[in-house]
Chemist: 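Structure provided below as C-alpha cells; questions to follow.
Every chain is numbered from 1 and lettered A, B, ... according to where its sequence line falls, protein lines coming before strand lines. Predicted model only: the values in this text are computed from it and were never measured.
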Amino acid sequence: MSVGSDNMPATAPAVSTRPAFVRHAPYFIAAAIVVALAASMQFDGYVLNILMQATTFSIAVFGLSVVLGLCGQINLAQAAFFGFGAYAVGIGTTDLQMNYWLCLVAGCLAALAAGAFLGMSTLRLGGHYLAMVTISFQQIVTLVMINAIWLTHGPDGVSRIGRPALFTTSQGYLAFCVAMLAIVGYLVWHLPDTKLGRAMRAVRDNELAAGVNGIDVFRTKVSAFAICAALGGLAGGLFAGGFAYVSPDQFSFAESIVFLTMSLLGGVASPIGSAIGTGLLILIPEWLRFLKSVPGLYLAIYGLFVILIIRFMPDGIWGFVAAALDKWRTKIKTSPATKTLQLKPAMVGGDIVLEVQGLAKHFGGLKAVDNVDIAVRRGGVHALIGPNGSGKTTTLNVLSGLYKATSGRILLDGVDITTMPPHQRTAAGLGRTFQNIRLFRSMTALENVEIGAERPGNTMIGAGGGAALTERAMEALTFVGLGSRANEPITSFSYGHQRLIEIARALASNPTLLLLDEPAAGLNSTEKLELHELLKRIAAQGLTILIIDHDMTLVSEAAQHITVLNFGRRIADGESMAVLRHPDVVSAYLGSE
Amino acid sequence: MDLVLQLLFTGIGIGAVYALVALGFVLIFRATNVVNFAQGEFSMVAAYLMVVCVEMGLPYWLSFVLALVGMALLGVIFNLGVYYPLRHRTYLPVIIATIGASILLANSVLAIYGPQPQVLQGWFETPGIQLGPVYLDSQYLLIIAVTIALVIFNYWFFEHTMLGKKLQATSQDKEMASLLGISVSTMIMITFIYSAVLGGLAGILVAPILFVSIQMGSTIALKAFAATIIGGFGDVAGAIIGGLALGVIETFGAAYVSVPYKDGFAFLVLVAFLVFRPQGIFGERVAEKA
Amino acid sequence: MALLDIRDLVVRYGEIEALRGVSFSVEQGKVVTLLGANGAGKSTTLRAISGLAKPAAGEILFDGKSIAGLGPEAIVRLGISHVPEGRRVFPGLSVKENIMLGASNRRAPKRQLSDEADAMFDLFPDIRAFSNALGWTLSGGQLQMVAVARGLMAKPRLLLLDEPSLGLAPVIVQAVFRIISEIRRTTTVLLVEQNARMGLSVADYSYVLETGRIVLGGKPDELWGNEAIAAAYLGGHAKAG
C-alpha cells in the first residue's frame, strides 16, 4: 500500500538464467552465520530476552507487511492472532501435554482459520469495516482470554510452557527462532514476485484493474489476511516457547498498535522495513526505560509516532532509504524481445465473437443502456460511438462485468458471460483498457504487463513459469514499442506511453476480444497516428477489437463496422461510412433543430 | 415482566449514549468520508475534563460548560493536526492517523491521570424515582432527555438553518459546494467541532453510570460503530436507532446470558449484520437526507 | 473592455496538456459559445475560469482584474457563477434548498433567500411543482433547470454553462435553450456546447476548440456550414494539429 504514496522502489526483475537458490545463496549463508552466532555467543539473560522478543515480534510484523504493505488492507488484531499461537503452545504443552510441534501448527491453523473467517465476512465491504471489525475481534479475544478461566487460566496466564526437545536451552531455542525468522523473511521477501504476490500488489494499486486482468480480488485479499494471521500465530507460538509464560495483557489491543507502529516505522512494504521497525521499537523503550515508569507515556508517544510517520514518512525508514538507493541505481536498460508478439485469439464460436442481445442497464429510473444489440464480427475492428452520455462507457462496463446487466445476454465466443464477475470474463478471453488509465502505479512496465500475461487460460505462456511470463510480457512491450524501457516504473512514462503499456498488458493476455475505451483521449496528433498504426498491426494478427472513441477520424479509418448509441439506444449500425452519413447520426452529433 | 421493563429502560439509557457517539461518527463520515477512530476518545477526554473541573471545586454546571468548550477546542486541534494535512490522501492513511490519535489521547490521559478509574457524581441529588414496578434512575432519565433534545436540535439544525443546509451540501458534493461560494474547509471544521462536542456530551452523561476510565473511550466507540452498521452506515436516523437497539440487546444479554461477555454482544451483532445484512436496517434507502 | 479576457491559457492535468494556449474574450451582455468535440478542452476552460483548475500559464482577466489562481469560493464572490457539466444538484436536498444555496456567495437572511427562490420559479415554471422534492428524484431536464436556477441565485455578472443539453431529449433541449435566451437579457453567458446547432442558435459569437486550441472563431452565420465544424465533430478528413 505504501500508505498513499506512489514512489515505491520497484524491484527490477532482471531476466536471469541462474536458478533462484544459486542467486540467493548469499542470503542463506548470511542467515546460517547469524543462526550459528545466536546459538554459540554467550548472552546474558537480559540480552537474550530482548533478542527473543525482537525475533518473534518481527515474524508477526512480517504478517502486517503482507496484508498492509503488499495488499493494502488493514489488520488491527495482529496481537490477537499472535495470542492464538501463544495460547495454543501454552495450553497445549502444559494442560494438554501435547507435542510442541503439534501445538505450534495448531496455533497457526487456528489463527489462519480465524483470519480467513474475519476476512471473508468483511473484505467485500470497505476498509473502514475491516478496521473496526478487527478491533472488535481483538477486544473479544482479550475478553475470552481473561474470562474463560477454565481454558486460559484467566488473568494469571499460563506458565511453565514447554519447548521442543531439540531446543531446550534458551540459546538453542533462540537459534531456532532466528532460523525461522530467516526462512519466513525469505518467503515474505520473495512473495511479491510470485503469482499471489503480484495479485496482492495489483489489488493494492488498483482493484478495478486487478479484477479486469483476471485476478480474483476477494480471494486475494482473504489470502493476504489469512497469511498475515497465520504468521501472527506462528510468531506467538515461538514467543510462548521462548518466554515460557503468557498472559492476556501481552495480546491486548495496545500490542496490536505496537505491531502496527513497528510496521509503519520500518516501512510497510518490505520485510527489511518490518525488521528495522521491530528492532527499533523494542530497543528504544529499553534505552528509555524511564518512560515506562509513567504508565501510558510510551504508548502515547507511539500514537504520536503513528500520526507523524503517516504524515511525513509514509513509506517508513526503509522506504526512505530504498528510494534514496534507487536514485543511485542506474536504470537497467532491457533489450527488446527478439520474437514478435503472437496473438492467437481463441476461435471456438462461429463468425460472431461477441454477441450482445437486448442489453439493458438501468440506474434507478435512468435507462443508461436500453435494449441494445451488438454483434462483433471475428477479426475486425468494430466501433461503438455516440455523443457524450449516450451510454457507451456504461455498455463497456456491463460487458466487462463492472456493472451487472439489468437484462439481456452477452455471449463471448459462444460462452454466456452475462453473470460472470470481471476476473472470470477475463479468463474467458476478454481484455480491456480504461478511458482513465488504470495501471498498477507502484510497479514497472514489465510487471504490469506480466500481470496481464498471467491471465488464467492464457495459452501463450506454456506452463506459466516466470521465464515464460517475462518473455511474453517483453514481447508485448516490444510490440507497442517500449521494449527497451521495460524495467522503468510506470510513473516515469508519459501519458501516451502509459496508454500503450495498458494496451500491451491486455495484449499479453492473448485475449479473444479486446475492448478499448477511448484509447485516443489525451493523445496528441503524433501519438494518435502511432495508435492507429498499432491498431492496424493488432488487427492484422486476427484479434477482434471493439473500440469506443470520440476521434471520428480515427474511428472512421480504423473501424469497418460502427454501432451508434444515443440516449442508451442503438440508433444506427452497419458499415462505417454509411453509418457516419446516416442523418440520425449527424443530428445526434451536430444537434437537431 | 417487571424485570423486562426495567432492563428496557436501562438499555435505552445506555443505547442513547451509543447513539450520540454514533451520530458524531456519521456526521464526520458524511463530511469527510473518514471514519474517525478517535471518536470514542472524545467521550473519554470530556469525562476526565469534567472530573478535573469538579475536583477543582467548580460548580457542576460550570464544569459541564468548560468541558464542552474544551471538546470544541479538541475538535479544532484534531481537524488541523490529524485530518486536514491528510485530506488529499486515500482513506487508509487517514484511518491509521485517527487510530494513532486515539492511542495518543487515551495514553496521554493515562500518563497524566494514572490508571485508577475515577468517579463522577451524577447531576441530581435524588438518585431516582419509582414508577410502578420500574425504578427510574435520574441519570438515565437525564441521558434519555438530553438525547431526545439533541435529536430534535440536530433535526432543526440540519433541516431548518442555512448553515445546516451548507453542511449537507458539503458532505454531498464538495466541489459543487465550493462553486457556490460555500467555504468547504470551514464546513469541515464545524463538523469536527460539532462531533467532538457530541462525543464529549455522551462521555459526560455516561460517566456517572460507568467509571471514568481510560478504556471507556474505545468501548463506547466500538459500540457506536456497531450501531452505525446496524442502522445502515452513514445514515443519521440509522445511527440513533442502531444505538438504542444495541443498548437494549446488550442489557438483555448481560441479564440473561453472561455479564463478563457483555461487551462481546456488540461484536456478535456486528458480525451477524456484516454477514447477513451489510447495508444495515436503513441501508437501501437511496436518499441522502440528514 | 471585455468582461472576460483570456490570454494564452495553459492548463495541465499531470502529463496531459488540456489547454495549449487558449485566448478569447467575452463582451458584456453577450452570449459566447465554445464548441468542439469531447476532450477538446471546453470544460477545462470553464473550470479554469471558475477556479476549479489551476492555470499553468496565461492570464484570466475578469473586469480587468486577474483572477487566475484564486479559489472557486473567491471567484464566485466576484460574480462568476459556474453551472458545471452533469448538473451536480445536491441529491439529498430539496429543489428549493438547492436553489437557495446558490446564493451562498452573498449574505442574505433566510427569508429573503426563500422569496428569491420562489421568484426564480417564474423563470422555471416547470420545476415549481417539485419545490420540495429531493434532488435525486428529478429527471435530467428538471435537474438542468435546478442547476441553472441555482447558478442564477448567485446574481452573477457572468454565467458559465457547461453542456446544458447533455443527455436531454430534443424537446427538453429546446426548453433549456429558451431559458438561456431569457437569461441573456440580464446576464452575460459563456456557454459550452457539444450540440453545435443549438450552441450556434443562441450565440452572438462562437469559438471552436480542438485538442486544447481555438481553431476557429466567428459569428454564428459565418460558422454554420463551415466544414471545420463538421470536421471537429464527425472527423471526415485527416487534420494536422
Chemist: Just list the side-chain donor-acceptor pairs under 3.5 Å for residues 73-87 of chain B, sequence neighbours left out, or say none.
Modeler:
unit_1: B:Arg87; atom_1: NH1; unit_2: B:Tyr84; atom_2: O; d: 2.7

Chemist: Within the structure provided, determine whether A:Gln139 and B:Asp263 are in side-chain contact (heavy-atom separation under 4.5 Å).
Modeler: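 Heavy-atom side-chain distance check fails, nothing below 4.5 Å.
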Chemist: Given a strict heavy-atom distance threshold of 4.5 Å, which part of A:Leu308 is in contact with chain B: side chain, backbone, both, or neither?
Modeler: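 The answer is neither part of A:Leu308.
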Chemist: Side chain, backbone, both or neither: which part of A:Phe137 has a non-hydrogen atom closer than 4.5 Å to chain B?
Modeler: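 Backbone plus side chain of A:Phe137, per the 4.5 Å heavy-atom cut-off to chain B.
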Chemist: Please classify the contact between A:Phe117 and chain B as side chain, backbone, both or neither, with a heavy-atom cut-off of under 4.5 Å.
Modeler: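 Answer is side chain: those atoms of A:Phe117 sit under 4.5 Å from chain B.
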Chemist: If I measure from the heavy atoms of chain B, does A:Ile309 come under 4.5 Å with its side chain, its backbone, both, or neither?
Modeler: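 A:Ile309 has no heavy atom closer than 4.5 Å to chain B.
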Chemist: Side chain, backbone, both or neither: which part of A:Leu143 has a non-hydrogen atom closer than 4.5 Å to chain B?
Modeler: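 It is both, since atoms from each part get that close.
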Chemist: Checking heavy atoms, do the side chain of A:Val133, its backbone, both or neither come under 4.5 Å from chain B?
Modeler: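 Both parts, backbone and side chain.
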Chemist: Counting heavy-atom pairs closer than 4.5 Å to chain A, which one of B:Ile95, B:Ile112, B:Ile214 comes out on top?
Modeler: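 Answer, by heavy-atom pair count under 4.5 Å with chain A: B:Ile95.
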Chemist: Given heavy-atom pairs under 4.5 angstrom as the criterion, report whether the side chain, backbone, both or neither of A:Leu304 touches chain B.
Modeler: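 For A:Leu304, heavy atoms of backbone and side chain both lie under 4.5 Å from chain B.
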Chemist: Is the shortest side-chain heavy-atom distance between A:Leu260 and B:Ile96 below 4.5 Å?
Modeler: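 Yes. Closest side-chain heavy atoms under 4.5 Å.
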Chemist: I need the residue from A:Ile135, A:Thr261, A:Ile146 with the largest number of non-hydrogen atom pairs under 4.5 Å to chain B.
Modeler: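 Of A:Ile135, A:Thr261, A:Ile146, A:Ile135 has the most heavy-atom pairs under 4.5 Å with chain B.
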Chemist: In terms of heavy-atom proximity below 4.5 Å to chain A, should B:Leu274 be classed as side chain, backbone, both, or neither?
Modeler: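 Both parts, backbone and side chain.
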Chemist: Against chain B, work out which of A:Ser121, A:Ala254, A:Gly303 has the most heavy-atom pairs shorter than 4.5 Å and name it.
Modeler: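 Ranked by contacts with chain B, first place is A:Gly303.
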Chemist: At a heavy-atom separation under 4.5 Å, does A:Phe253 approach chain B through its side chain, its backbone, both, or neither?
Modeler: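 Side chain of A:Phe253 only, per the 4.5 Å heavy-atom cut-off to chain B.
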